*Asks:* 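Let me give you the structure first, and then I'll get to my questions.
Within every chain, numbering begins at 1; the chains are lettered A, B, ... in the order of the sequence lines, protein sequences first and strands thereafter. Here the structure is a predicted model, which is why all the values come from computation and not from measurement.
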2 protein chains.
Amino acid sequence: MRRNETAGSRSESVRQANLSAILRSLHLGGAATRSDLVASSGLTRSAVGALVGELTEMGFVHEERSASDGSPGRPSPIVMPTSDHVTIAMEVLVDSLAVAAISLGGHVLDHRRVDRTRQARPVDDTVRNLVDLTSKMLDELPTTVVVHGVGVAVAGVVRRSDKTVVVAPNIGWNDVPLGDLIRLALPIDLPVVIANDGDFGVLAEVRRGVATGMHDVVYISGEVGVGAGVIADGRPLGGAAGFAGEVGHIPVNPGGLACRCGSSGCWETEVGEEALLRRVGRAAGGGRAVVDDVLASAAAGDADVLAAMDAHGRWLGFGLAGIINTFDPDVVVLGGLFARLFPYVAAAMSSELDRRVFDVVRQQVGVLPSGLGLDGPLLGAAEWAWEQVLADPAGAEPPLPWCARTLIVGEV
Amino acid sequence: MRRNETAGSRSESVRQANLSAILRSLHLGGAATRSDLVASSGLTRSAVGALVGELTEMGFVHEERSASDGSPGRPSPIVMPTSDHVTIAMEVLVDSLAVAAISLGGHVLDHRRVDRTRQARPVDDTVRNLVDLTSKMLDELPTTVVVHGVGVAVAGVVRRSDKTVVVAPNIGWNDVPLGDLIRLALPIDLPVVIANDGDFGVLAEVRRGVATGMHDVVYISGEVGVGAGVIADGRPLGGAAGFAGEVGHIPVNPGGLACRCGSSGCWETEVGEEALLRRVGRAAGGGRAVVDDVLASAAAGDADVLAAMDAHGRWLGFGLAGIINTFDPDVVVLGGLFARLFPYVAAAMSSELDRRVFDVVRQQVGVLPSGLGLDGPLLGAAEWAWEQVLADPAGAEPPLPWCARTLIVGEV
DNA sequence: AAACATTTGTTGTAGCCTGCGACAAACCAG
DNA sequence: CTGGTTTGTCGCAGGCTACAACAAATGTTT
């Protein structure tokens, strides 16, 4: 018989859950005294003591005498995440590649981005570039660093279930098993997770950005294509195969333009980068520089550009209204291109929302630009890689330190 | 300090989780032998024995000698849910009220629906009608019946967080705390949950309908208004305040008609009952009979009606494409009006989906009419009421049997 | 400076829950 | 009736946390 998904628990599950709760609290909330942990977890001092001891032994945390704060009583030592444990974040955009090493607690130990021109790319080159960037970055970190996993953000349609990039139009990829390719190209064996920019962007916002701590969040990611990442009831929305969030292809205009997805009148044809350039009368495909130029014109008060922004904002609101009525989020975070356009489109967008979103929902929903900038999805990728460790801190085999990789490679 | 939501577990949590797993398995899968339970839960025979014993003591289940099946070995007794424990489902539609008593295991012990004309209704009358219907129904059930909770489905916009009907346009309600009103009107104190038809409809489909066992499901409910219920990763999509799923008000037509929500071009203005009647040239507001008549014409092959159905189907597909691209569900279940229209709109809807949904998603997603008919949401309401019990079978106070209510009322 | 109050870490015991192994019970086959 | 097989039951062991008592470290008061 198929083992039930709601299978039985045992005592070890309790230990795992508590270990996970303590480590997650430290990862998300930063250093805390033991008595803080007692209060926030509801466990007893003895239990917290044992759990912190185990985490210390595994190297995830260390304790320090707390500075005296003037209150009476024995001071509680501060438990803080070490910087020795990291996950690697990678990002594949149309016109840049990036990697980062992010420690427990969310600190960016190092971060590197290289620009490249917008053109189709062989997959192998990209994989090699990413691995090279990563290796160089890690070589400059202390030799004690232990890598726990890799998160890869891709500007494209990703089937999370088998870690495959199904379509990445502007990079020219179709059905590329990028997750596995990266895993095999790395000198040590690491778990690799992969998703699109939107999926990771929303995670970054919920954990380190403007939506910190919220349970229902939509993040709209727009660079060349338009996508979304959704946190529903605190958990990422995946869908049956991991394709959820392709909001760029919600049909919004029955008389609209053809979309590169094969349909027509998709939201993306009205609010994507191409649509913006079309409205201001510029040729498509110029890349980031052209958008920068348009933003400069808007900042300078160019009336035609501002009118175009207004039209863009109305379409933004038109589509967003449907998304908000569908999800009833606490907040919608606008990332990527939309974060940069925000000051110029906000008014028109907002008045569309006022008209089209249920009043009771409109009153409570916030619509904000991301504050994390271009690196939001990168942070989110690392967060998701961390998530695997946080879920079961003692479960995974303790990985080898990065510096041991040459031995392994030598053996092959 | 605010107590962390990821609070610590203790041994009792394990017991609760296992008790819950066993009872849920029986509720969803029906009677099973003890050794089936051992296999599906992964627990040991002794643990299952203790758990089943506790459930028996609480009256949720009883064991019977199994009929010999010819295989050697000591026969395992069959554990079956008793019929003594029920939840009450209620449904408030524009033109009918319904109540049902549903036992552990999902059997409908009794079920009553009364039609009424489409018109604005005082809330108090409706509440009294529901409670009367319920009392009469329960009086005819065995006196041993114990009621665990009430689920109320409403055709309207419901704020689940405070159990309030914010808008029910055709019934004429605004900001009605229906959940509390029903709770206070009942002769015994019971937990009441409330949501709209779509939210409960999808639950019924996932537990007892065409989407049984699936993890990502969208249910489109359309009677007068259009709404949706969504199961994402096995859990109901609620949103920040419980307003999620108002897909009837996704803007899909920039040049569209005014909607009663104050916006224009909402999906509902193109696929709601009014839109259908408009397309076949009939007056709105005639109620179910008119729709029946239209369906009869379609069945008879009336070319004008079939052409209207075709147009309706295209708009159905147009909006559904966006919903599918957003959620990537395993299956979309069409309920209410849409289930009845299905044979006549399927072709046009399908060709729109072929064009507008990502190929990889289109290939795996099913679009099916509900098989549960008008009573789907009613079943779902009972399921959700059961859910409170399933989550912690030993936790809730054992409620008084229904027959004890007169004593209580007498004391007041 | 010493005694007291307060807060917190530590240690040992008790209680809860499940896993495991041995045994008993109930069935089929011959 | 005997042997093989499957399954329920019982007692014991192991893992985990709660609880209570004690020890340690700090501020406050005398």
Side-chain angles (χ1 to χ4, degrees), chain A residues 1 3-4 6-22 31-57 61-79 392-395, chain B residues 1 3-4 6-23 32-57 61-79 392-395:
Chain A
M1 165 174 286
R3 193 184 156 101
N4 201 318
T6 56
S9 312
R10 49 184 75 178
S11 305
E12 287 85 352
S13 327
V14 176
R15 180 63 154 203
Q16 179 182 325
N18 288 341
L19 219 41
S20 174
I22 298 288
T33 66
R34 268 158 82 147
S35 46
D36 288 342
L37 293 174
V38 167
S40 70
S41 71
L43 297 168
T44 58
R45 293 201 295 265
S46 32
V48 170
L51 293 165
V52 169
E54 189 167 341
L55 291 174
T56 303
E57 206 165 295
V61 304
H62 64 106
E63 290 182 282
E64 275 184 18
R65 279 177 59 93
S66 68
S68 163
D69 66 341
S71 66
R74 176 174 173 174
S76 193
I78 295 179
V79 184
D392 186 8
Chain B
M1 168 175 283
R3 192 181 157 102
N4 201 318
T6 57
S9 312
R10 50 184 74 179
S11 305
E12 286 85 352
S13 329
V14 175
R15 181 63 152 201
Q16 178 182 327
N18 288 342
L19 218 42
S20 172
I22 297 289
L23 192 59
T33 65
R34 272 209 209 184
S35 46
D36 288 342
L37 293 175
V38 168
S40 70
S41 70
L43 297 168
T44 58
R45 291 202 294 265
S46 32
V48 170
L51 293 165
V52 168
E54 190 166 341
L55 291 174
T56 304
E57 205 165 298
V61 303
H62 65 107
E63 291 182 280
E64 275 183 18
R65 281 177 58 92
S66 67
S68 165
D69 66 341
S71 65
R74 174 173 174 175
S76 193
I78 296 180
V79 184
D392 185 9

*Asks:* Checking contacts here: which listed nucleotide (D/dC16, C/dC27, C/dG9) is nearest the side-chain heavy atoms of A/Val14?
*Replies:* D/dC16

*Asks:* Heavy atoms from C-beta onward define the side chain here; which of D/dG8, D/dT26, C/dG19 lies closest to that of B/Pro77?
*Replies:* D/dG8

*Asks:* Distances under 3.5 Å only, N/O to N/O: pair up the protein atoms with those of nucleotides 13-16 of chain C.
*Replies:*
{"unit_1": "C/dC16", "atom_1": "O2", "unit_2": "B/Ser11", "atom_2": "OG", "d": "3.4"}

*Asks:* Nearest to the side chain of B/Ser35 - D/dT7, D/dT17, C/dT8?
*Replies:* D/dT7

*Asks:* Is there a side-chain contact between B/Arg65 and B/Ile78 (heavy atoms, below 4.5 Å)?
*Replies:* no

*Asks:* From CD of B/Glu54 over to C1' of C/dT18, roughly how many Å is that when rounded to an integer?
*Replies:* 14 Å

*Asks:* Does A/His62 reach the side chain of A/Val79, with side-chain heavy atoms less than 4.5 Å apart?
*Replies:* no

*Asks:* Just to confirm, is there a sub-4.0 Å distance from OP1 or OP2 of D/dT26 to any side-chain nitrogen or oxygen of A/Arg65?
*Replies:* yes

*Asks:* Take the protein atom CG of B/Leu43 and the nucleotide atom C1' of C/dG19, then report the distance between them rounded to whole Å.
*Replies:* 10 Å

*Asks:* How many Å lie between CD on A/Gln16 and C1' on D/dT17, as a whole number?
*Replies:* 16 Å

*Asks:* Would you indicate which nucleotide in C/dA22, D/dT6, D/dA18 comes nearest to any side-chain atom of B/Arg74?
*Replies:* D/dT6

*Asks:* Using whole Å, report how far CG of B/Asn18 lies from P of C/dG19.
*Replies:* 7 Å

*Asks:* If you assign each of A/Gly73 and A/Ser46 to its closest nucleotide in DNA chain D, which residue comes earlier from the 5' end?
*Replies:* A/Ser46

*Asks:* What's the spacing between A/Arg45 CZ and A/Leu37 CG if we round to 0.5 Å?
*Replies:* 13.5 Å

*Asks:* Quick check on C/dG9: is either OP1 or OP2 less than 4.0 Å from any side-chain nitrogen or oxygen of A/Ser76?
*Replies:* yes

*Asks:* Expressed in angstrom and rounded to an integer, what is the separation of A/Glu63 atom CD from C/dT8 atom C1'?
*Replies:* 12 Å

*Asks:* Hey, are the side chains of B/Ser20 and B/Asp392 touching, using non-hydrogen atoms and a 4.5 Å cut-off?
*Replies:* no

*Asks:* Give the rounded distance in Å between these two atoms: CG of A/Asp36 and C1' of C/dT7.
*Replies:* 13 Å

*Asks:* Between B/Leu55 and B/Leu23, is any pair of side-chain heavy atoms under 4.5 Å apart?
*Replies:* yes

*Asks:* Atom CZ of B/Arg45 and atom P of C/dA22: how far apart are they, to the nearest Å?
*Replies:* 13 Å

*Asks:* Are any non-hydrogen side-chain atoms of B/Ser41 and B/Val48 less than 4.5 angstrom apart?
*Replies:* yes

*Asks:* Reading DNA chain C from 5' onward, which residue's closest nucleotide shows up sooner: A/Pro72 or A/Arg34?
*Replies:* A/Pro72

*Asks:* So does B/Ser35 get a backbone contact from the side chain of B/Ser76, meaning a donor-acceptor N/O pair under 3.5 Å?
*Replies:* yes

*Asks:* Could you state the atom-to-atom distance from CG of A/Leu19 to C1' of D/dT17 in whole Å?
*Replies:* 14 Å

